[in-house]
Q: 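I'd like to ask some things about the structure below.
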2 protein chains.
Amino acid sequence: MKHYDHPLAEDLQLSCLLYALSDPFRLEVVRKLAVCQPQPCAPLQDGRPKSSVSHHFSVLRKAGVIRTEVVGVTHMNSLREQELQSRFPGVLSAILAALEVPQP
Amino acid sequence: MKHYDHPLAEDLQLSCLLYALSDPFRLEVVRKLAVCQPQPCAPLQDGRPKSSVSHHFSVLRKAGVIRTEVVGVTHMNSLREQELQSRFPGVLSAILAALEVPQP
DNA sequence: CCATTAGTTCGATTATAGTCGAACTAATGG
DNA sequence: CCATTAGTTCGACTATAATCGAACTAATGG
């Protein structure tokens, strides 16, 4: 049974969090996860090769943005909202809110 | 009289903002500006060569984080707080607040 | 137990960013 | 008007990150 390492909330760095969220593809993954959680990687691929998608999920995981749990053959991802809230209060929620008021 | 281009608030991209803030040096500049504003570049150099510092200020400027005004021989920088607040409500303020509760 | 599914890992390639010295510019002060 | 100050721009180099195919792995279902 494969498992993932998830950094402790207290070990997260704000700059790493912001970096993880600074990529449009990753930001879109986070937005979609906020809407429907947990979710496997596959429906979030958006046409990219699996290896790229896996890389982006790994960045999000290492930054503490998502938690991935192996459930049978799929890997279910969810946002670490409460932990991020306690470590960096208001940061993720403000970013999620800003994503809901878009512009082209 | 040299002047700088500052993007309109409505043209700012969240991913660019987060990218600009994802660098520890730039984040530190922003933190210092939040404390004392406006400020020239020089006291924020932190031992780096001028060309590197200038590059980081340029990234912050293009992302809409700072506004730079030429005042005589110095270039005064300030945060575009109210504009960022209207474009991405709560994002910058949450990040600034998170910077005040540090950890090594 | 074999094929399938879901995702990871590897390795190579390319693209993007950061770093730094050196030359440049614009405003000021003597 | 020359020297100084404050910062920019340029160009080269380096480092970091993204991309993608191919091989791999672990769980499941027939």
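None of these values were measured; they are calculated from a predicted model. Proteins get letters first, then strands, A, B, ... in listed order; numbering begins at 1 in each.
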Q: The side chain of V73(B) lies closest to which of these nucleotides: dA6(D), dT8(C), dA18(D)?
A: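 Output: dA6(D).
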
Q: With sequence neighbours excluded, tell me which residues meet side-chain contact (heavy atoms from CB on, under 4.5 Å) with K32(A).
A: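 Per chain and number, K32(A) pairs via side-chain contact (heavy atoms from CB on, under 4.5 Å) with E28(A), L44(A).
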
Q: Hunt down any stem DNA chain C takes part in, defined as 3 or more consecutive Watson-Crick or G-U pairs whose two distances are each under 3.5 Å.
A: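 Result, WC/G-U stems under 3.5 Å: C:1-30 with D:1-30.
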
Q: I need a per-nucleotide contact map over nucleotides 9-15 of chain C, read 5' to 3'. Cutoff is protein heavy atoms under 4.0 Å; write B for the base, S for backbone only, - otherwise.
A: B------

Q: If you measure from NZ on K50(A) to CZ on F57(A), what distance do you get to the nearest 0.5 Å?
A: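 One finds 13.5 Å between NZ of K50(A) and CZ of F57(A).
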
Q: Using a cut-off of strictly less than 4.0 Å, decide whether H56(A) has a side-chain nitrogen or oxygen near OP1 or OP2 of dT19(D).
A: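 So the side chain of H56(A) is within the cut-off, an N or O lying under 4.0 Å from OP1 or OP2 of dT19(D).
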
Q: Can you measure Y4(A) atom OH to dG7(C) atom C1' for me and round it to whole angstrom units?
A: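 The answer, rounded to whole Å, is 6 Å.
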
Q: Decide yes or no for L27(A) and R31(A): does some side-chain heavy atom of the first lie under 4.5 Å from some side-chain heavy atom of the second?
A: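 The answer is no; the side chains never approach within 4.5 Å.
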
Q: Enumerate donor-acceptor pairs with a distance under 3.5 Å from any side-chain N or O in residues 14-25 of chain B to protein atoms, sequence neighbours excluded.
A:
| unit_1 | atom_1 | unit_2 | atom_2 | d |
| --- | --- | --- | --- | --- |
| S22(B) | OG | Y19(B) | O | 2.7 |
| D23(B) | OD1 | F25(B) | N | 2.9 |
| D23(B) | OD1 | R26(B) | N | 3.1 |

Q: With rounding to the nearest 0.5 Å, note down the distance linking CG in D11(A) to NE2 in H6(A).
A: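 Reported to 0.5 Å precision, the distance equals 14.0 Å.
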
Q: What's the verdict on side chain to side chain contact (heavy atoms under 4.5 Å, CB included) for T68(A) and L60(A), showing C-alpha distance, side-chain angles and the deciding distance?
A: CA-CA 10 Å; T68(A) 307; L60(A) 289 171; over 6 Å; no

Q: Take atom CE of M76(B) and atom P of dT5(D), then tell me their distance rounded to the nearest Å.
A: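 Rounding to the nearest Å, CE of M76(B) and P of dT5(D) are 18 Å apart.
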
Q: Report the distance from atom CG of N77(B) to atom CZ of R61(B), rounding to the nearest 0.5 Å.
A: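 If I round to the nearest 0.5 Å, the distance is 6.5 Å.
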
Q: Please tell me if the side chains of L84(A) and L12(A) come closer than 4.5 Å, counting only heavy atoms from C-beta onward.
A: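 Yes, at least one pair of side-chain atoms sits under 4.5 Å.
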
Q: Are C41(B) and H56(B) side-chain neighbours, meaning at least one heavy-atom pair lies under 4.5 Å?
A: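 They are not in contact (no side-chain heavy atoms under 4.5 Å apart), so the answer is no.
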
Q: Measure NE2/H75(A) against C1'/dA6(C) and give the value in whole Å, please.
A: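 Rounded to the whole Å, the gap is 6 Å.
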
Q: K62(A) NZ to dT16(D) P: how many Å, rounded?
A: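 Nearest whole value for this atom pair: 14 Å.
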
Q: Which pairs count as salt bridge (Lys or Arg N to Asp or Glu O under 4.0 Å) when at least one residue sits in residues 63-78 of chain A, sequence neighbours excluded?
A: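 Residue pairs passing salt bridge (Lys or Arg N to Asp or Glu O under 4.0 Å), neighbours aside: R67(A)-E83(A).
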
Q: Rounded to the nearest 0.5 Å, how far apart are CD1 of I66(B) and NE2 of H75(B)?
A: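 Reported to 0.5 Å precision, the distance equals 12.0 Å.
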
Q: Starting at atom CD1 of I66(A), determine the distance to atom P of dG7(C), rounded to an integer number of angstrom.
A: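 Spelled out: CD1 on I66(A) to P on dG7(C) is 11 Å.
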
Q: With a 4.0 Å heavy-atom cut-off, tell me which residues in residues 17-48 of chain B come close to DNA chain C, sorted by residue number.
A: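 Nucleic-acid contacts, sorted: Y19(B), R26(B), R48(B).
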
Q: CD of E69(A) versus C1' of dA27(D): gap in Å, rounded?
A: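 After rounding, the gap between these two atoms is 16 Å.
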
